[in-house]
Each structure stands twice: as structure tokens, then as C-alpha cells.
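No experiment lies behind these values; they were computed from the predicted model shown. All ligand and atom numbering here is 1-based and tracks the order in the structure.
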Amino acid sequence: KKEAEYINDLERRIEEYDPKSSKAAFFKDLPISDATLKGLKEASFVKLTEIQRDSIPVCLKNRDVLGAAKTGSGKTLAFLVPVLEKLYRARWTEFDGLGALIISPTRELAMQIYEVLTKIGGHTSFSAGLVIGGKDVKFEAERISRINILIGTPGRILQHMDQAVGLNTDNLQMLVLDEADRCLDMGFKKTLDAIVSNLPPSRQTLLFSATQSQSLDDLTRLSLTDYQTVGTTKSV
Ligand code: ADP
Ligand code: MG
């Protein structure tokens, strides 16, 4: 079948791609699908930022990643592109349930991620959803079972996990912890620990942060397996 061949070819290109020696400058230099490339181009994302160039290839190789880069460096696409590619290569469909979970510290940041995702995801068939509170848990829960990529705040996600007919994470392929340092600053340590311990160990995890700390090290140990660090954690 044509799509299977195309995905095989992508997998081969990813395998051959050497993040250390490759100096990709543009998204089109990366082994990513035409659907994602098209979405990026339409949203006027053409050139890679440093953190995107360093992290996306490692994420594509299915490694866990600790990404460190200051605010404004482009961390959102550094994880959204791998999320889309992971599900694309898994030939994820609307019937496969939750494939990726993205956790963000605030409603505002979660909404921003959702907006970027809708901007670049127009040529993929995945459903995306936001759980950030403000709406009835039941109202959200009815819709959540049909969502492939879920973005939410820690408290609200855990709330859904604790529901009787809660969030089904059995098939989860990828967990993204965005602005992990801010999550910890805001007191979400226990909530994050509880969420992570509910997830299948086979998933891939990407953790992004602007700064480093002892509590971030603890979260890293708990949530990442055999991970690679990209970017710089030097404080400004
Ligand atoms: P961070 O999460 O690291 O603070 P964001 O992902 O929010 O950074 O990106 C910061 C800004 O840079 C946003 O306005 C975003 O649209 C823009 N941006 C990100 N990546 C690119 C890119 N590859 N090309 C052009 N603009 C980009
Ligand atoms: Mg960000």
C-alpha cells in the first residue's frame, strides 16, 4: 500500500538522520511528513529555531527528551511537530483514542498550544481538545473519549483521570510536559507525579523547561527514561 511505503521511507530517513552532524536550517530538511510540512508552511513556519533543530530529530527517533531553552525560543513547535509525526507514523485514527497528552501550567498557555496545533495540523486527521477547567467536568468527559491529542492543565487532567469513566490513557504514545519548571513553581509537583504514574511506561516523554532546579531533576527522573538533553539550561 502506498501510505505504508511512504511511512517506511520516512522511518528509514529518520534512522539515517544524524542529529549531530546534520545542520538542518529549514523544516523541509527534516524527515517529516508532507502533511505536517504543508501545515507549517501555511502558518509561515519555514526556518527552524535552534531548539527545534536540536530537539525534533531526537524526538523523531523515539527518544525521551529533556529540552531546555528560554522563553520565546520556539519550544511549542519543538514538541508539536514530533507529536504529529508520532501519530502519523503510527497511522493513528479517530478510533484509536488518546495518542498524545500535552500538559501546560496555565489555561492561557494551554490555549496557545491548541491554537498553534490547529494552525499546523490542518492536513492531518487527528482530533484535538483542551481541558482547562471552566467547563463542567461531565461536559468535557463526554467529548474526551474521541480526542487524539489532548492539551490541558495538570489539575484538570488529573481530575479527568480520577473520574469513574475517566480519561483512557491505555494507548498513550506520547506525553509532553511543557513549561515543567513553571508547573513545579505553581505547586503541581504531586499532581504531575500522580498523572505520570497513571500512564503506560511504554510511552515516549518530552519534557520542556526554561530553567533547571532540584525539583525539575526529580520530575525528570520520575517521568523520563534513557533521555537525551537538548538545548541549554544556562540561566540568564
Ligand atoms: P517558547 O515556548 O519557547 O516560549 P513559543 O513556542 O511560544 O516559544 O514561540 C515563540 C514565538 O516564536 C511565537 O510567536 C512563535 O510563533 C514564534 N516561532 C516559533 N517557531 C518559529 C519558527 N520556526 N519560525 C518563525 N517563528 C517561530
Ligand atoms: Mg512555551
Side-chain angles (χ1 to χ4, degrees), residues 17 19 22-60 65-86 100-124 128 130-132 149-157 174-186 188 192 205-213 216 219-220 223-224 227-236:
Y17 194 97
S22 302
K23 291 276 172 277
F26 304 99
F27 283 105
K28 68 168 172 51
D29 298 331
L30 299 175
I32 58 178
S33 67
D34 291 336
T36 300
L37 265 182
K38 217 167 155 186
L40 286 164
K41 198 174 164 202
E42 282 168 7
S44 302
F45 296 125
V46 177
K47 245 187 121 192
L48 291 158
T49 69
E50 208 177 324
I51 186 70
Q52 291 160 8
R53 187 199 63 206
D54 292 344
S55 78
I56 294 173
V58 182
C59 297
L60 293 176
V65 165
L66 169 63
K70 62 181 197 294
T71 303
S73 54
K75 293 191 289 297
T76 312
L77 290 178
F79 61 76
L80 282 184
V81 170
V83 162
L84 289 175
E85 291 303 291
K86 181 101 176 175
L101 178 61
I102 301 170
I103 299 177
S104 171
T106 67
R107 294 170 68 164
E108 197 161 88
L109 286 167
M111 278 170 358
Q112 282 174 21
I113 296 167
Y114 182 81
E115 272 165 31
V116 178
L117 179 59
T118 32
K119 256 209 239 170
I120 68 165
H123 296 280
T124 67
L130 261 176
V131 290
I132 51 175
I149 303 173
L150 187 66
I151 303 162
T153 47
R156 196 59 163 193
I157 286 172
M174 198 184 255
L175 167 70
V176 178
L177 297 166
D178 187 32
E179 312 262 355
D181 48 349
R182 261 188 90 181
C183 283
L184 296 172
D185 290 346
M186 290 173 69
F188 286 129
L192 290 178
T205 306
L206 316 179
L207 189 152
F208 284 88
S209 173
T211 58
Q212 219 173 13
S213 64
L216 191 82
L219 179 64
T220 300
S223 59
L224 302 180
Y227 64 95
Q228 188 162 332
T229 306
V230 298
T232 170
T233 49
K234 253 182 279 165
S235 44
V236 276

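If you take CD on Glu179 and OG1 on Thr211, they are separated by 9.5 Å, rounding to the nearest 0.5 Å. Separating the CG atom in Leu80 from the NZ atom in Lys75 is a distance of 13.0 Å, to the nearest 0.5 Å.
Heavy-atom contacts of Lys47 reach the following atoms of ligand 1: 22 (C), 23 (N), 24 (N) (cutoff under 4.0 Å). Residue contact check: Thr76 has heavy atoms under 4.0 Å from atoms 2 (O), 5 (P), 6 (O), 7 (O) of ligand 1. Residue Ser73 approaches ligand 1 through these ligand atoms, each under 4.0 Å from one of its heavy atoms: 1 (P), 3 (O), 8 (O). The atoms of ligand 1 that sit less than 4.0 Å from any heavy atom of Phe45 are 16 (O), 18 (N), 21 (C), 22 (C), 24 (N), 25 (C), 26 (N), 27 (C). When each atom of ligand 1 is checked for a heavy atom of Thr71 under 4.0 Å away, the hits are 4 (O). Atoms of ligand 1 lying under 4.0 Å from any heavy atom of Leu77, numbered from 1 in the order shown and given with element: 20 (N). Atoms of ligand 1 found under 4.0 Å from any heavy atom of Lys70, numbered from 1 in the order shown, are 3 (O).
With Phe26 as reference, Val46 is the one residue of Val46, Leu37, Leu40, Leu48 to meet the side chain to side chain contact (heavy atoms under 4.5 Å, CB included) rule. The side chain to side chain contact (heavy atoms under 4.5 Å, CB included) with Val176 is formed by just one residue from the set Ile151, Val65, Leu206; it is Leu206.
Nearest heavy-atom pair, Ala43 versus Ile120, reported as atom, atom and distance to 0.1 Å: CB-CG2, 4.1 Å. The two residues Thr118 and Glu115 come nearest to each other via the heavy atoms OG1-O, 2.9 Å. Closest heavy-atom contact between Ala100 and Val83: CB-CG1, 3.7 Å.
Atom 20 (N) of ligand 1 has as its closest protein heavy atom Gln52 NE2, 2.9 Å. When hydrogens are left out, the protein atom nearest atom 9 (O) of ligand 1 is Gly74 CA, 3.7 Å; that is the closest non-hydrogen contact.
Counting heavy-atom neighbours within 6.0 Å of Glu42 CD, excluding the residue itself, gives a total above 12.
Remark: the Glu85 side chain and the Ser33 side chain contain an N/O donor-acceptor pair separated by less than 3.5 Å.
Protein heavy atoms all stay at least 4.0 Å away from atom 14 (O) of ligand 1.
With a heavy-atom cut-off of 4.0 Å, Phe27 touches ligand 1 through its side chain alone.
Within Glu179, the N, O or S atom at minimum distance from the Mg ion (ligand 2) carries the name OE2.
Under a 4.0 angstrom heavy-atom cut-off, Gly72 registers as being in contact with ligand 1.
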